[in-house]
Amino acid sequence: MNRKELIDLIEEGENIQCEFKRHFTTPEKIAREMIAFANTKGGYILLGIDDDKKIIGVESEKSEAEMINDAANNYCEPPLEFKINYIIYKGKEVVCVTVPESNNKPHRLQDYQRDFDITKAVVLIRVNDKSMKASKEMVRIMRANAGNLTLQKYTIGTTEKNVFEYLAKKERISVKELSNLANISDRRASRTLVKMVRANLLVIHTKDNGEEFFTAAV
């Protein structure tokens, strides 16, 4: 990261791969942002920048670095990779934390549980310019992709046909809509849609409010 790259990021503003922060108060708050980037497309956290792009600067690069390192290694499970750059801009120091997209998704907030509990794990993702908790459907998809889990003897049944017929008319479908359409439980509807994503038949999308929907894969 050099000064020109920093200036370009600031001018572009916050987005799915960039977050501005005046400062962090706890390692857990840093961990939440780092996890969201690692679970999505990777990105940059710029410390010492206000939401309106104003350069505030950091008071101590050492204390910021210690907190970031603590967050990545002790508050993220599994621990995640990152890189720190210190850049002087307009006479003030900005800390740039680069978090690459992880090959070991999903990362979660450290809960000291040996086994991953999808009902309790706090898994975050990046949606536009916000970090938010991932749905169970998204987590299942990430876990399946990370483990290279293939579907065994997957076949298109009545429920899947209902999905395709609905998409031909509405273009998108949610878990609740499939549940009502096929008269099945939300749990079964969720698993059906997840399997269809894993079979490359559907694509999952997340709205700004955290709600999710599915569309046909192109």
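Just so you know, these numbers come straight off a predicted model, no measurement behind them. When a residue number appears, it is its place in the shown sequence, counting from 1.
- Residues V95 and Y44 fall into different hydrophobic clusters, defined by Ile, Leu, Val, Met, Phe, Trp and Tyr side chains chained together at heavy-atom separations under 4.5 Å.
- Heavy-atom contacts from other residues, nucleotides or ligands closer than 6.0 Å to CD of E101 number more than 12.
- Formation of a donor-acceptor pair under 3.5 Å by the E66 side chain with backbone atoms of S63 is not found in this model.
- Salt-bridge annotation for K130 and D208: absent, with no side-chain N of the basic residue lying under 4.0 Å from a carboxylate O of the acidic one.
- In this structure, K169 does not pair ionically with E165, as no charged nitrogen and carboxylate oxygen lie closer than 4.0 Å.
- For E33 against S131, the heavy-atom pair with the smallest separation is OE1-OG, 2.7 Å.
- We find that R126 and E19 are joined by a salt bridge, their nearest charged nitrogen and carboxylate oxygen being less than 4.0 Å apart.
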### Test side-chain hydrogen bond (donor to acceptor under 3.5 Å, both in side chains) applied to N104 and S102, step by step
CA-CA 5 Å; N104 198 20; S102 178; 5.6 Å; no
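- Using a cut-off of 4.0 Å between Lys/Arg side-chain N and Asp/Glu carboxylate O, R108 and D111 are scored as salt-bridged.
- The closest side-chain heavy-atom distance from I156 to K161 is below 4.5 Å.
- Residues L181 and V163 are not in side-chain contact: their nearest non-hydrogen atoms beyond the backbone lie 4.5 Å or more apart.
- Although no hydrogens or angles enter the test, the distance criterion places a donor-acceptor pair under 3.5 Å between the side chain of N39 and the main chain of H107.
- Other residues, nucleotides and ligands contribute only 12 or fewer heavy atoms inside 6.0 Å of the NZ atom of K54.
- By the rule that hydrophobic residues join a cluster once side-chain heavy atoms approach within less than 4.5 Å of another member, M138 and F116 end up as members of one cluster.
- No donor-acceptor pair under 3.5 Å is formed between the side chain of Q113 and the backbone N or O of D115.
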Give the table of side-chain donor-acceptor pairs shorter than 3.5 Å for residues 5-18, with sequence neighbours excluded, one pair per line with atom names and distance.
{"unit_1": "E5", "atom_1": "OE1", "unit_2": "N2", "atom_2": "N", "d": "2.9"}
{"unit_1": "D8", "atom_1": "OD2", "unit_2": "K4", "atom_2": "NZ", "d": "3.1"}
{"unit_1": "E14", "atom_1": "OE2", "unit_2": "F20", "atom_2": "N", "d": "2.9"}
{"unit_1": "N15", "atom_1": "OD1", "unit_2": "Q17", "atom_2": "N", "d": "2.8"}
{"unit_1": "N15", "atom_1": "OD1", "unit_2": "C18", "atom_2": "N", "d": "3.1"}
{"unit_1": "N15", "atom_1": "ND2", "unit_2": "G13", "atom_2": "O", "d": "3.3"}
{"unit_1": "Q17", "atom_1": "NE2", "unit_2": "K41", "atom_2": "O", "d": "3.0"}
{"unit_1": "Q17", "atom_1": "NE2", "unit_2": "G42", "atom_2": "O", "d": "3.4"}

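- N200 is linked by a side-chain contact (heavy atoms from CB on, under 4.5 Å) to nothing, counting only residues two or more places apart in sequence or in another chain.
- In this structure a side-chain-to-backbone donor-acceptor pair under 3.5 Å is missing from T40 to F37.
- Between T98 and P100 the shortest heavy-atom distance is O-CD, 3.8 Å.
- Considering CG of L193 and CZ of F214, their distance stands at 4.5 Å, rounded to 0.5 Å.
- V94 and L47 fall into different hydrophobic clusters, defined by Ile, Leu, Val, Met, Phe, Trp and Tyr side-chain heavy atoms under 4.5 Å apart, directly or through other members.
- The closest donor-acceptor contact from the side chain of S179 to the backbone of V175 lies at 3.5 Å or more, if one exists at all.
- Cluster membership for M132 and L109, using ILVMFWY side-chain heavy atoms within less than 4.5 angstrom, is not shared.
- Annotation: side-chain hydrogen bond (donor to acceptor under 3.5 Å, both in side chains) contacts involving residues 135-144, sequence neighbours excluded, comprise S135-E137, S135-E212, E137-S190.
- The distance from the SG atom of C96 to the CD1 atom of I45 is 9.0 Å, given to the nearest 0.5 Å.
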### Task
Let me see the working for E160 and T155 under side chain to side chain contact (heavy atoms under 4.5 Å, CB included), right down to the final yes or no.
CA-CA 9 Å; E160 287 81 4; T155 59; over 6 Å; no
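- A heavy-atom distance below 4.5 Å is not found between the side chains of T26 and I30.
- Distance alone, capped at 3.5 Å, places no donor-acceptor pair between the D70 side chain and the P27 backbone.
- Side-chain contact between K83 and V97: absent, with no pair of heavy atoms (C-beta onward) separated by less than 4.5 Å.
- Cluster annotation: I84 and V58 are assigned to the same hydrophobic cluster (Ile/Leu/Val/Met/Phe/Trp/Tyr, side-chain heavy-atom contacts under 4.5 Å, transitive).
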